[in-house]
Amino acid sequence: MSRFEYAPAPESRAIVDIKSSYGLFINGQFTDATDGKPFKTISPASEEVLAEVSEAGPADVDKAVRAARKAFEKVWGPMSGKDRAKYLFRIARLIQERSRELAVLESLDNGKPIRESRDVDIPLVAAHFFYYAGWADKLEYAGVGDDPQPWGVAGQVIPWNFPMLMLAWKIAPALAAGNTVVLKPAETTPLTALAFAEICQQADLPPGVVNIVTGAGRTGQALVEHPDVDKVAFTGSTEVGRAIAKSVAGTHKAVTLELGGKAANIVFEDAPIDQTIEGIVNGIFFNQGHVCCAGSRLLVQESVYDEVLARLKRRMGTLRVGDPLDKNTDIGAINSAAQLAKIRELSQIGEDEGAERWSPECELPANGYWFPPTVFTGVSQAHRIAREEIFGPVLSVLTFRTPQEAVEKANNTPFGLSAGIWTDKGSRILWMANQLRAGVVWANTFNRFDPTSPFGGYKESGYGREGGRHGLEAYLAH
Amino acid sequence: MTTLDSGVDSLADVTSSEDRLRRFLLGLPGVDQVGAEARAATLSTRSIKTTAKAYALDLAISMIDLTTLEGQDTPGKVRALCAKAKRPDPADPTAPQVAAVCVYPDLVATAKHELKGSGINVASVATAFPSGRSSLAIKVQDTQDAVAAGADEVDMVIDRGAFLSGRYGLVFDEITAIREAAGDAHLKVILETGELVTYDNVRRASWLAMLAGADFIKTSTGKVSPAATLPVTLVMLEAVRDYHEATGLHIGVKPAGGIRTAKDAIKYLVTVNETAGPDWLDPELFRFGASSLLNDLLMQRTKLATGHYPGPDYFTLD
């Protein structure tokens, strides 16, 4: 060997015990579905079938909501905040204890690299439960009135990009505030939610406080439309979010929606150049670009355009694409065949519209769903790839000349979830952050998360906030 | 500031006056501390196993400047070190030899004699090492002594006081003077990054040293804490990469001090590989300034070959 070639370093699967089939988790028990057809969940990296999962039909959803209602009225609602906190702390510790198992399971089912599930997702999941456990007995200090009350039963629908993390974002504040929940994980990534159901059992969480119903859109619709659900929380596509907003309009239900994004990542000529390149890479290629707040529109000041592009391409050449369970993998598999088709379609449209497409040379595995890290240059605001959320490892590069122009271009989108600013000038960061219509503005970093920090969107990126004190507020009537 | 498209001519231009040099160095892109440290931490998570590990261990051994820089050094100690440099593992002749032996100028002749015909270089710290606080005449003389005694490589220290007070021209002139005094010897310029403190300073000092004719830029003397760190080395590797883009020249990097384990050494190699690129994975362009690192590399090497960790007494102390 004349070059330093990293040998495969696969994380062992032995730690995970995947059952051949899973029921629904209702009232503290795994039960068979009564009116849905079972479906299979696969590993997107190999197309191997991992398990068969039940589909919850309307009757199952109804059963789950009833269980949640009963638990809310009899046990969880009346319980003191201090006691609720004990359960949440216990869950947080169990997540830490089982973190390796959860990371492997997440990478298997989702296709994301183990480096990310191990170092980012699961530690953040535990952190969210710890953080909201701390709030459970201090609700009157959350700044939402003297005696804030839980809504009741929360119906929660989460996406496939961060299955376990989105579960934590939804369940931890809901339980801390005294709500009970029925959660539907995405149909392509149900396994960590089902492992979480086991953790609830392990933590002796009272039956019915957390219910997990698996299934696809039909199940989610039954949950959201169930008349006995008091609060709806959804993270996912803008299209589905719009349908949910319509269906809950005029009802008593409270709702928060966290939808798509097309974030501008803005690079000024005085930016710390090497860290900026890392930030661009992290902004768009983290989690294969399956991130609603991904920095998918790179806005570069014209004076440094050539240099930024040259450095970005060189850096993209060092990204390692492949087996998600290999500890050295930077970019894993696309989550599903459908998502891969969508990424391919939009990339083709980008070429057809006249943008220039570039990817580093990289060998993709024969099986599974793969897409190389890709950058489009010569993109204009009018191109579809600059307007629509691709939700994949595809970056569109645009240029600007003045800070004012950067702000105008950044805000010229139907979305408003996040934005990034790269400059050494502190005053410019503050000025820009005030102008940008985005829920999160990162400065000299990107895709940084913390349980104490609220997250949510403007415009078509949804409404309501998750995380922090604001995330708690969404689960309290006041 | 564009480092990539400035050609050789324009770089020669920036050193034509102190004012221009100063403007150039202050115009280099900044380094964001949080981002640089986060990048180094990510590179540390690469998992190097089996064949890659075997390759990395041998490569690391071949990059070591086996060093003794103590007031209590004796010719006997240096002879022992040279014997170890030639044959690091008495039980296993397949273990590669190290790159160089690094000693004070008065011991260069001893080392040179011991290493004759081995292909191992003798490096010497000159220029009033480690503080560098003496006159230029003495630093030049120190360098000439080392070279006259046979040193193949000279490790010089920069005047950190002058650098921190912004007298970049003075630092530049000193390096060029030593460069000249060192003759054909390879010049390694020690920045003492622990005293420069900020990554912006590290980047500026790296460029300053390269512009003045350094063959290598080196983090530390080993006498100041913190010595070499991964983020500092990352910033220096970015500097040599950018300098190569601008001039076509390859400048080496040498982290020194505090690298004691094979695990740490491998993190450095990964950082070299993914920052400056595979060309720098060569003793000509990357060195470890270390003394205790070698035994841990040998121990890990034996573990790979036999499946067992030998005890520390199975390797020589020096």
Side-chain angles (χ1 to χ4, degrees), chain A residues 1-11 113-116 118-120 267-282 286 303-311 313-315 317-320 325-330 422-426 429 442-448, chain B residues 1-6 27-60 199-200 203 231 234-235 237-239 241-242 245-246 266 268-282 286:
Chain A
M1 190 165 51
S2 60
R3 295 248 145 165
F4 193 16
E5 275 159 23
Y6 307 160
E11 176 70 56
I114 186 82
R115 190 163 68 78
E116 291 175 6
R118 177 194 68 191
D119 298 346
V120 181
V267 178
F268 286 95
E269 60 188 357
D270 66 342
I273 189 81
D274 291 302
Q275 291 73 51
T276 301
I277 300 300
E278 290 308 311
I280 296 167
V281 166
N282 186 40
F286 179 69
S303 54
V304 286
Y305 173 82
D306 290 341
E307 181 170 9
V308 167
L309 251 288
R311 285 170 183 253
K313 286 179 175 178
R314 179 176 60 204
R315 176 68 177 89
T318 66
L319 290 170
R320 302 166 63 90
L325 283 186
D326 190 324
K327 291 168 203 155
N328 290 329
T329 291
D330 297 316
W422 297 85
T423 172
D424 248 13
K425 211 178 177 84
I429 289 171
W442 284 292
N444 292 338
T445 188
F446 210 93
N447 274 344
R448 213 48 92 91
Chain B
M1 164 60 220
T2 55
T3 47
L4 283 183
D5 51 21
S6 23
L28 286 167
V31 182
D32 184 76
Q33 182 184 340
V34 176
E37 288 172 0
R39 174 67 179 145
T42 308
L43 286 165
S44 297
T45 65
R46 291 286 193 222
S47 177
I48 303 301
K49 296 180 162 188
T50 59
T51 51
K53 188 170 182 184
Y55 177 78
L57 292 175
D58 278 7
L59 184 62
Y199 295 119
D200 286 333
R203 175 169 285 190
L234 171 72
V235 171
L237 284 162
E238 287 166 354
R241 178 198 64 198
D242 292 346
E245 293 270 354
I266 289 173
Y268 279 87
L269 296 182
V270 167
T271 306
V272 172
N273 191 35
E274 300 200 26
T275 306
D279 283 358
W280 266 261
L281 286 174
D282 187 309
F286 195 77

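Computed over heavy atoms, backbone and side chain alike; hydrogens, waters and symmetry mates excluded. Residue numbers begin at 1 in each chain, while the letters A, B, ... track the order of the sequences. Quick caveat: nothing in here was measured; it's all calculated off a predicted structure.
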Checklist line | Partner chain A: residue of B:Thr50, B:Thr45, B:Leu281 with the largest heavy-atom pair count (under 4.5 Å) | finding: B:Thr45
Notebook entry, point to check: side-chain hydrogen bond (donor to acceptor under 3.5 Å, both in side chains) with A:Glu11: which residues, sequence neighbours excluded?
Noted result: A:Arg100
Check: Who among B:Ala54, B:Ala36, B:Ala56, B:Gly277 has the most heavy-atom pairs with chain A under 4.5 Å?
Finding: B:Ala36
Next item on the list: Let me know if B:Arg46 has heavy atoms under 4.5 Å from chain A in its side chain, its backbone, both or neither.
Entry: both
Checklist line | Minimum heavy-atom distance B:Ala38-A:Arg448, with the two atoms named | finding: CB-NH2, 4.2 Å
Check: If you count heavy-atom pairs under 4.5 Å with chain B, which of A:Arg115, A:Arg118, A:Arg315, A:Arg320 comes out on top?
Finding: A:Arg315
Next item on the list: Nearest 0.5 Å please: distance from the CG atom of A:Asn282 over to the OG1 atom of B:Thr42.
Entry: 8.0 Å
Check: Tell me, side chain or backbone of A:Asp119 under 4.5 Å from chain B's heavy atoms, or both, or neither?
Finding: side chain
Next item on the list: Give, as side chain, backbone, both or neither, the part of B:Val272 having an atom under 4.5 angstrom from any heavy atom of chain A.
Entry: neither
Checklist line | Point-to-point distance, once rounded to the nearest 0.5 Å, from CD of A:Glu307 to CD of B:Glu245 | finding: 9.5 Å
Check: Where do B:Pro29 and A:Ala271 come nearest, in terms of heavy atoms and distance?
Finding: CB-O, 4.1 Å
Check: Which value, rounded to the nearest 0.5 Å, describes the distance between A:Asn328 atom CG and B:Lys49 atom NZ?
Finding: 9.0 Å
Notebook entry, point to check: Using 4.0 Å as the upper bound for N to carboxylate O, is an ion pair formed by A:Arg311 and B:Asp242?
Noted result: yes
Check: For the residue pair A:Tyr6 and B:Glu274, what are the closest heavy atoms and their distance?
Finding: OH-OE2, 2.9 Å
Item checked: Interchain contact, B:Leu269 with chain A, by part (heavy-atom threshold 4.5 Å) -> both
Check: If you count heavy-atom pairs under 4.5 Å with chain B, which of A:Asp274, A:Asn444, A:Thr276, A:Ile273 comes out on top?
Finding: A:Asp274
Check: What part of B:Thr275 gets closer than 4.5 Å to chain A, counting heavy atoms only: side chain, backbone, both or neither?
Finding: neither
Item checked: Non-hydrogen atoms of A:Ala9 and B:Ser47 that approach each other most closely -> CB-OG, 3.4 Å
Item checked: For A:Gln275 against B:Gly30, the heavy-atom pair lying closest together -> OE1-O, 3.9 Å
Checklist line | Toward chain B, the part of A:Asp270 with a non-hydrogen atom under 4.5 Å | finding: neither
Checklist line | Atom of B:Tyr55, atom of A:Phe4 and distance for their closest heavy-atom approach | finding: CE2-CA, 3.5 Å
Check: For A:Tyr305, which residues count as a side-chain hydrogen bond (donor to acceptor under 3.5 Å, both in side chains) partner, sequence neighbours excluded?
Finding: none
Checklist line | Which portion of B:Asp32 sits near chain A, non-hydrogen atoms under 4.5 angstrom | finding: both
